Amino acid sequence: MELDEDELRDHFAHNPYKIEIIDDKLEDGDGSTIYRQGDWYDLCLGPHVPNTATLMHVRLTSVSTAYWRGDQDREQLVRIYGLVEPSKEALKATLARLEEAKKRDHRKLGKELRLFHVDEEVGQGLILWTPRGAVIRQELQDFISHHLRRQGYSQVFTPNIGKLDLYRTSGHFPYYQDSQYPPLVERDLMKRLSDEGCTCGELSNMMSAGDIEGYLLKPMNCPHHVKIYASQARSYRDLPLRLAEFGTVYRWEQSGEISGMTRVRGFTQDDAHLFVTEDQIAQEVLGCIELVQIIFGTLGMDDYRVRVGLRDPDSTKYVGDPARWDKAEQACRDAAESLGVAWTEEPGEAAFYGPKIDFVVKDVIGREWQLGTVQVDYNLPERFDLTYKGSDGEMHRPVMIHRAPFGSMERFVGVLIEHFAGMFPTWLSPTQVHMLTISEKHAAYAAELAADLREAGVRVQVDDSDDTIGKKLRTHRKMRPAYLLILGESEVEGRTVTYLGPDREEHKGVPFGDFKAQLLAEIADRA
RNA sequence: GCCAACGUAGCUUAGCUGGUAGAGCACCUGAUUCGUAAUCAGGAGGUCGGGGGUUCGAGUCCCCCCGUUGGCUCCA
């Protein structure tokens with residue numbers, strides 16, 4: 001029903017929150033609508049369902065709090081979450097689906113499949129890659145390195161820390177102090193300041209002001225790569241210069257935000273920085289996007305969305321000249337357009353130094369994560385006064401492209417665990433072949449085949465314990481290897497194998513040579 | 001960081017209103033050599049997340065800290 005402002009104020013006089021909404025949202029003299037359900041009514045622009053009879057099947061799922069109007073400085077109100085389905089069956093189905101999704105949670109699978117570990121004593125959000133998880137990461141790194149060589153990248157290595165001055169120049173410090181680990185200060189300096197009675201606050205101020213020097217755990221790899229670019233005179237013939245590194249960075253994420261492998265405090269980006277001329281931007285951005293698409297295609301990740309992150313016109317957190325921002329934003333739009341897939345523009349999603357094209361995927365509980373990213377940056381080259389000599393003999397300013405097709409190894413593998421529900425394709429499988437012997441009489445045959453496959457680079461595990469074959473199958477299925485081999489009397493005699501493949505279909509009495517050839521081909525193809 | 005819930009062996013977990021830790025799996029030992037989702041028997045393993053307090057007595061109650069989970073906020 002429609003009410004005018006006075007009526008609204010009257011109805012909601014008892015509720016300061018509603019009055020605040022009326023104060024803020026309504027132009028003087030305007031009315032608004034309320035919706036009624038029995039004796040209960042509330043302010044809402046609508047529309048609502050016409051009849052709550054269609055909402056009979058409800059399950060409340062969780063209770064939490066939210067900041068009033070999303071403002072961290074304001075009070076928190078209770079928020080209740082629930083599901084509604086048109087029928088009892090549909091509600092049951094939805095709840096079952098959510099249960100299934102929970103089983104794929106990478107935190108649960110990561111523990112069950114022994115892929116990674118986070119230790120309280122090491123620190124929140126710091127991932128320990130256990131042997132099986134490390135295999136996956138290494139395979140992914142090899143995979144991407146292969147494509148980097150194809151695309152003309154140069155590998156570099158840089159240290160994990162850099163001087164505060166470096167980050168003052170880049171703009172990371174002190175502006176983004178809140179999301180960095182505190183700086184490291186040299187021992188002698190620390191002692192002197194302490195002798196002088198310097199307080200923590202004073203120390204912090206002196207660092208911000210540049211009065212004292214220290215080191216920072218790197219929050220990003222770009223400043224180091226910039227310095228490699230700047231280490232020698234560059235000409236247009238050197239461009240594009242593509243510097244790649246699996247670089248580990250550290251960020252002080254808020255404790256409440258840390259989650260599994262997807263939101264952590266230390267992570268390794270499959271990072272690269274491309275130094276290009278203005279004319280090369282479009283082509284190079286395209287090359288980056290192509291790489292992202294190759295990766296997503298190989299892994300069968302087709303459920304993602306593309307986001308062009310632009311600056312929020314109302315925010316002051318961005319560095320650099322608005323004219324350059326406009327140019328860079330247009331370059332991103334053009335690149336996204338040429339992708340041929342749906343994309344959205346999102347103000348406020350840009351990096352602080354430039355706009356970006358992000359590839360965003362959802363995890364099992366529906367949270368979105370940014371994975372691959374391509375960012376156009378006019379600002380860092382300016383801040384570091386980077387130049388190259390053009391064909392016209394004049395000095396020019398290069399443009400930088402930051403890109404990371406996986407985003408970070410941690411987040412990517414976390415999402416990948418959920419994507420594959422722990423059942424990795426053969427080339428990524430931590431243990432590709434598990435050999436199970438029927439009895440100890442077949443152990444020698446298993447050992448021989450295992451040695452043969454290992455020689456060919458296959459990751460093999462042999463179970464010749466005295467458990468029954470039923471028990472072994474049960475145990476080993478849980479680890480989700482690509483292949484489960486069953487070796488008994490008939491296999492030994494015929495020099496064959498019986499196996500359950502990735503689809504868990506049984507293949508009996510396959511000649512070992514045939515099995516091996518097919519396995520190796522599958523691994524080589526990353527099928 | 002904020003709010004809430006939770007934290008018992010490697011994993012999953014029992015333990016009512018405070019009476020002094022119990023199980024399954026995994027592990028170790030022995031027996032068994034067994035062809036498709038748990039062979040049998042025995043054994044070892046816990047300062048109940050950490051610290052303080054109340055009490056004759058704390059896994060159970062109170063406080064502080066650490067961590068996890070769900071949201072919020074944030075996310076270069």
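All heavy atoms count here, side chains included; hydrogens, waters and symmetry mates do not. Computed from a predicted model, the values in this text were never measured in an experiment. Numbers restart at 1 for each chain; the letters A, B, ... are given by sequence-line order, proteins then strands.
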Under 4.0 Å: is that the gap between some side-chain N or O of [X] and OP1 or OP2 of [N]?
X	N	result
Arg367(A)	rG70(B)	yes
Gln124(A)	rG67(B)	yes
Thr468(A)	rU39(B)	yes
Arg107(A)	rG70(B)	yes

query: Salt bridge or not for Asp464(A) and Lys441(A), using N-O below 4.0 Å?
result: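 Looking at Lys441(A) together with Asp464(A), the answer is no, because their closest N to O distance does not fall below 4.0 Å.
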Can you tell me how far [atom1] in [N] sits from the matching atom in [M], rounded to whole Å?
N	M	atom1	answer
rU69(B)	rG24(B)	C1'	25 Å
rG45(B)	rG53(B)	P	30 Å
rU8(B)	rU13(B)	P	9 Å
rG22(B)	rC65(B)	C1'	30 Å
rG46(B)	rU36(B)	C1'	37 Å
rC3(B)	rA44(B)	P	47 Å

Considering every strand shown, what is the Watson-Crick or G-U wobble mate of [N] when both distances are under 3.5 Å?
N	value
rC56(B)	rG19(B)
rA38(B)	none
rA4(B)	rU69(B)

message: How about NZ on Lys516(A), more than 12 heavy atoms from neighbouring residues, nucleotides or ligands closer than 6.0 Å, or not?
response: yes
query: Does Arg263(A) get its side chain close enough to the base of rC74(B), under 3.5 Å, for a donor-acceptor pair?
result: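 By the distance-only test, yes, there is a pair.
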query: With no angle test and no hydrogens, is the base of rG1(B) tied to the side chain of Glu253(A) by a donor-acceptor pair under 3.5 Å?
result: no
message: For His402(A) together with Tyr353(A), are the ring centres under 6.0 Å from each other?
response: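 Yes, they do, as the ring centres are separated by less than 6.0 Å.
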Distance flag, aromatic centroids of Phe116(A) and Trp129(A), threshold under 6.0 Å: no
Option passing ring pair (Phe, Tyr, Trp, His ring centres under 6.0 Å) with Tyr304(A) (candidates Phe359(A), Phe412(A), Trp343(A)):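 The ring pair (Phe, Tyr, Trp, His ring centres under 6.0 Å) with Tyr304(A) is passed solely by Phe359(A) among Phe359(A), Phe412(A), Trp343(A).
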- request: Could you check whether Lys102(A) gets within reach of a base, just the sugar-phosphate, or nothing at all, counting any heavy atom under 4.0 Å?
  value: nothing
task: Remember a base hit wins even if backbone is also touched, and classify Gln177(A) as base, sugar-phosphate or nothing at under 4.0 Å, heavy atoms.
output: nothing
task: Specify the residue among Arg265(A) and Trp369(A) whose closest nucleotide of RNA chain B lies further upstream toward the 5′ end.
output: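 The residue closer to the strand's 5' end, by nearest nucleotide, is Arg265(A).
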message: Looking only at the side chains, is there a donor atom on one of Asp334(A) and Gln330(A) sitting less than 3.5 Å from an acceptor on the other?
response: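 Checked: Asp334(A)/Gln330(A) side chains pair up, N/O donor to acceptor below 3.5 Å.
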task: Ignoring hydrogens and angles, state whether a donor on the side chain of Arg137(A) or Thr268(A) is under 3.5 Å from an acceptor on the partner side chain.
output: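 The criterion, which ignores hydrogens and geometry beyond distance, is satisfied for Thr268(A) and Arg137(A).
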Atom pairs, protein N/O to nucleotides 24-28 of chain B N/O, distance under 3.5 Å:
{"from": "rA26(B)", "atom 1": "OP1", "to": "Lys471(A)", "atom 2": "NZ", "distance (Å)": "2.9"}

message: What is the separation between atom CD on Gln254(A) and atom P on rG67(B), rounded to the nearest whole Å?
response: 14 Å
